[in-house]
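Residues: numbered from 1 along the sequence shown.
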Amino acid sequence: MSPVGLPSLLFISILVRNWAPADGYANGKVTKSCDSMVPRHGSVGETTPSPYQLATNSTTFRPKDSIRVILSGKSYFKGFLLEARDAANWGSVATVGTFTLTSPGNTQLLTCHKHQDSAVSHRSDAKKTEVAVVWNAPVDAPDYVQFFVSVVAEFNQYWVKLPGPVISQRGAPPLTTQSHTTPPVQTTTPSILPGPFSSQGCGHSKSCVLDPPGCNPQTDPRCFFLSMATEGPDKTSVVFELSGPAEGYVSFALSWDTWMGNDDVYLCLKDGDRVSVSAASVSGRTHPENQTQSALASVSWRLADGAMQCRFSRRVKVSHQEPGRFDLDQDYFLFLASGQAQHGKISRHGRQPFISSQKKLITGSPEVLLGSRSPIIMKMHGVLMLIAWMLTGSVGTFIASFYKPEWPDKTLLGQKIWFQVHRGLMTLTVALTVAAFCLPFFYRRGWSKRADVHPYLGCCVLVLSLTQPIMAAFRPSPDSSRRFIFNWAHWGVGYSTEIMAVAAMFVGMKQASLLLPQPGSTHVLIGYVAWLASLRILLLVHKHVCVNRLLGLSDSQCADRSSLAKWTPIIKSLILAVLVLGNTALLGALLHSITVI
């Protein structure tokens, strides 16, 4: 492989790609929300008392009766979802009975769980203050039926699953608290925390996640912090504390594995000058779904000094009442993520989530949990690529470019030393590149769709790297008339490969799965390019210009170089040693950055 004009590698740009937030359903086709009754707006519902209410024209019914249900409010609303459910079995999401429209121009019927006409929603986002429908009691109706409604005032302002009146069959016994298993609903405004959280007590009275390790959320707004501790004499609930930069949202998730999907998620979302706290779930690499506050209690928050913090408690056993919630007496991996949000709408996290290195029993003994934002397999990808192109590859190309005349009478295994060293280093470079190239595919289980140009650059590096040994296997003899074709092709492919490799390193260090500390890591890589360029210029001057003339000697004195000839191998050997040591030092700095993320 041959020399490269490395100064040109300084001109590299990095593409940034954002994930657009989700949209709503102005046409009322909201059957996907039948179970949770949560609008899929990508934001959190209101926790303040709503200005809307449901009313019925009767408190009792018989099978096949028709009951008028009215939704009204003190202010207008644009959308709604109305359902009737078994009041004595709150955990069930099955709808009861059917509806008949009284104003089909403003409302429409929906099919939930293959039960036709079992829910009602808006037909458009036109403003309204009242809608009325008729509920038809089925023959097999339960003794008690309760109406629930979710109401949307604005895209980012809505109330989820507001409880309406409970109606009962005539002659049914009174509905007791034992049979009416509705979970506690948060109906008061969350309180303001009196002060910031502290890492004091981590590992002794509470379990903690700290990113970066050892940070303190009391003094560092950039500290990502999660703590959990059981409370109460019977330890039936867990208190969570979550802190991070006030840039949009911070969240954590309970997961059965280290892959995002089918997780129990908790969000602290900056919404203007306040913080909304909610529980949600994710079914894949998507926006959180089924956001609700009903599983949370004792909610409080703080938004000050550049940090966003929230605290809440959750019962250990609530899965039978809240679909998507996990029991807390199990072992889970912990995810800690953050990202941007605007007007309550969540965007994809900009950094790889922090993932605990092992599962944690949430109700277990206090400990400080370790983890990383970069999977080991992606760290190995970065390590192998950096070794290949900051050490073995660059040293190998230098030897081919400037050290052919050295050690002219010395051979190694039947070939000149420079050639054997060059071939050995470049073979190792190709092997490291192939191994590193495969690792992201093992991790992603396919092509990465959010890595911008980095994987394309990696493919170019791999193809060009494999092209070089294939070309070398068919190179003509040194005295062949076609040898110059191979020399130029070998030089051109080598030039292109090293450009692609350095470009891939610049882009790769800002990937979400291996985000190195900035701007320090970029400065180190720029220093590496400048370092190689300086040594290359020095050796080019030594190669093409008389060293004696640079020292101010005359042409006649410069012509006699016999006295300096013996020093040339020593000088170039020292330059080679300096090159290896310098490259190793710069490589070590980046490898250290990989170990701490």
Side-chain angles (χ1 to χ4, degrees), residues 6-7 9-19 209-217 219-225 243-250 306-308 335-341 347-355 371-391 436 440 443 448 450-458 499-533 582-583 585-597:
L6 288 176
L9 300 178
L10 290 172
F11 301 100
I12 297 171
S13 60
I14 299 173
L15 302 178
V16 177
R17 190 176 183 179
N18 295 322
W19 186 15
V209 173
L210 298 165
D211 180 39
C215 67
N216 189 345
T219 57
D220 183 4
R222 306 299 303 177
C223 177
F224 290 91
F225 170 79
S243 177
E247 297 174 348
Y249 72 92
V250 291
M308 174 170 51
F335 284 56
L336 192 60
S338 64
Q340 298 293 326
S347 298
R348 183 178 182 269
H349 49 75
R351 297 178 61 190
Q352 185 85 356
F354 178 97
I355 305 175
S372 173
R373 289 187 180 271
S374 294
I376 295 297
I377 194 170
M378 296 306 295
K379 290 185 176 183
M380 290 302 302
H381 167 76
V383 167
L384 294 180
M385 279 297 191
L386 290 176
I387 293 175
W389 295 102
M390 288 186 68
L391 188 60
Y443 172 67
S448 178
R450 297 189 178 93
D452 297 324
V453 299
H454 181 70
Y456 299 98
L457 291 172
I499 286 180
M500 292 290 181
V502 175
M505 287 189 285
F506 270 102
V507 178
M509 66 172 53
K510 294 188 178 181
Q511 293 299 305
S513 58
L514 194 64
L515 184 61
L516 300 189
Q518 296 296 332
S521 298
T522 299
H523 291 164
V524 170
L525 195 53
I526 292 174
Y528 162 75
V529 174
W531 166 254
L532 288 190
N583 284 19
L586 294 166
L587 171 64
L590 290 182
L591 295 184
H592 175 72
S593 298
I594 292 178
T595 62
V596 300
I597 58 176

Nearest 0.5 Å, please: how far is [atom2] in [Y] from [atom1] in [X]?
| X | Y | atom1 | atom2 | answer |
| --- | --- | --- | --- | --- |
| L514 | M380 | CG | CE | 11.5 Å |
| F224 | S243 | CZ | OG | 9.0 Å |
| D211 | F354 | CG | CZ | 5.5 Å |
| I387 | L590 | CD1 | CG | 11.5 Å |

Shortest non-hydrogen separation from [X] to [Y] and the atoms involved:
| X | Y | value |
| --- | --- | --- |
| W531 | G582 | CZ2-CA, 3.8 Å |
| L210 | C215 | CD2-O, 3.5 Å |
| F335 | P353 | CD2-CB, 4.2 Å |
| Q352 | R373 | CG-O, 2.7 Å |
| S374 | K379 | O-CE, 3.5 Å |
| R222 | P212 | O-CD, 4.5 Å |

Next on the checklist: Restricting to side chain to side chain donor-acceptor pair (under 3.5 Å), what partner residues turn up for S521, sequence neighbours left out?
Outcome noted: none
Item to check | side chain to side chain donor-acceptor pair (under 3.5 Å) against T219, all qualifying residues, sequence neighbours excluded | outcome: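 Per chain and number, T219 pairs via side chain to side chain donor-acceptor pair (under 3.5 Å) with no residue.
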Checklist entry - Residues two or more places apart in sequence or in another chain: which of them pass salt bridge (Lys or Arg N to Asp or Glu O under 4.0 Å) with D220? => result none
Checklist entry - Of all residues at least two apart in sequence or in a different chain, which pass the side-chain contact (heavy atoms from CB on, under 4.5 Å) check with H592? => result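 With sequence neighbours excluded, H592 shows a side-chain contact (heavy atoms from CB on, under 4.5 Å) to T595, V596, given in chain and number order.
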Item to check | P440: side-chain contact (heavy atoms from CB on, under 4.5 Å) partners, not counting sequence neighbours | outcome: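 Applying side-chain contact (heavy atoms from CB on, under 4.5 Å) to P440 gives M378, H381.
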Item to check | Evaluation steps, side-chain contact (heavy atoms from CB on, under 4.5 Å), between V250 and L336 | outcome: CA-CA 8 Å; V250 291; L336 192 60; 6.0 Å; no
Checklist entry - For L587 and Y528, what are the C-alpha separation, side-chain angles and deciding distance, and is it a side-chain contact (heavy atoms from CB on, under 4.5 Å)? => result CA-CA 9 Å; L587 171 64; Y528 162 75; over 6 Å; no
Enumerate donor-acceptor pairs with a distance under 3.5 Å from any side-chain N or O in residues 499-509 to protein atoms, sequence neighbours excluded.
none

Next on the checklist: Within the 4.5 Å heavy-atom criterion, are T522 and L516 side-chain neighbours or not?
Outcome noted: no
Next on the checklist: V209 vs F225, test: side-chain contact (heavy atoms from CB on, under 4.5 Å). Steps then yes/no.
Outcome noted: CA-CA 6 Å; V209 173; F225 170 79; over 6 Å; no
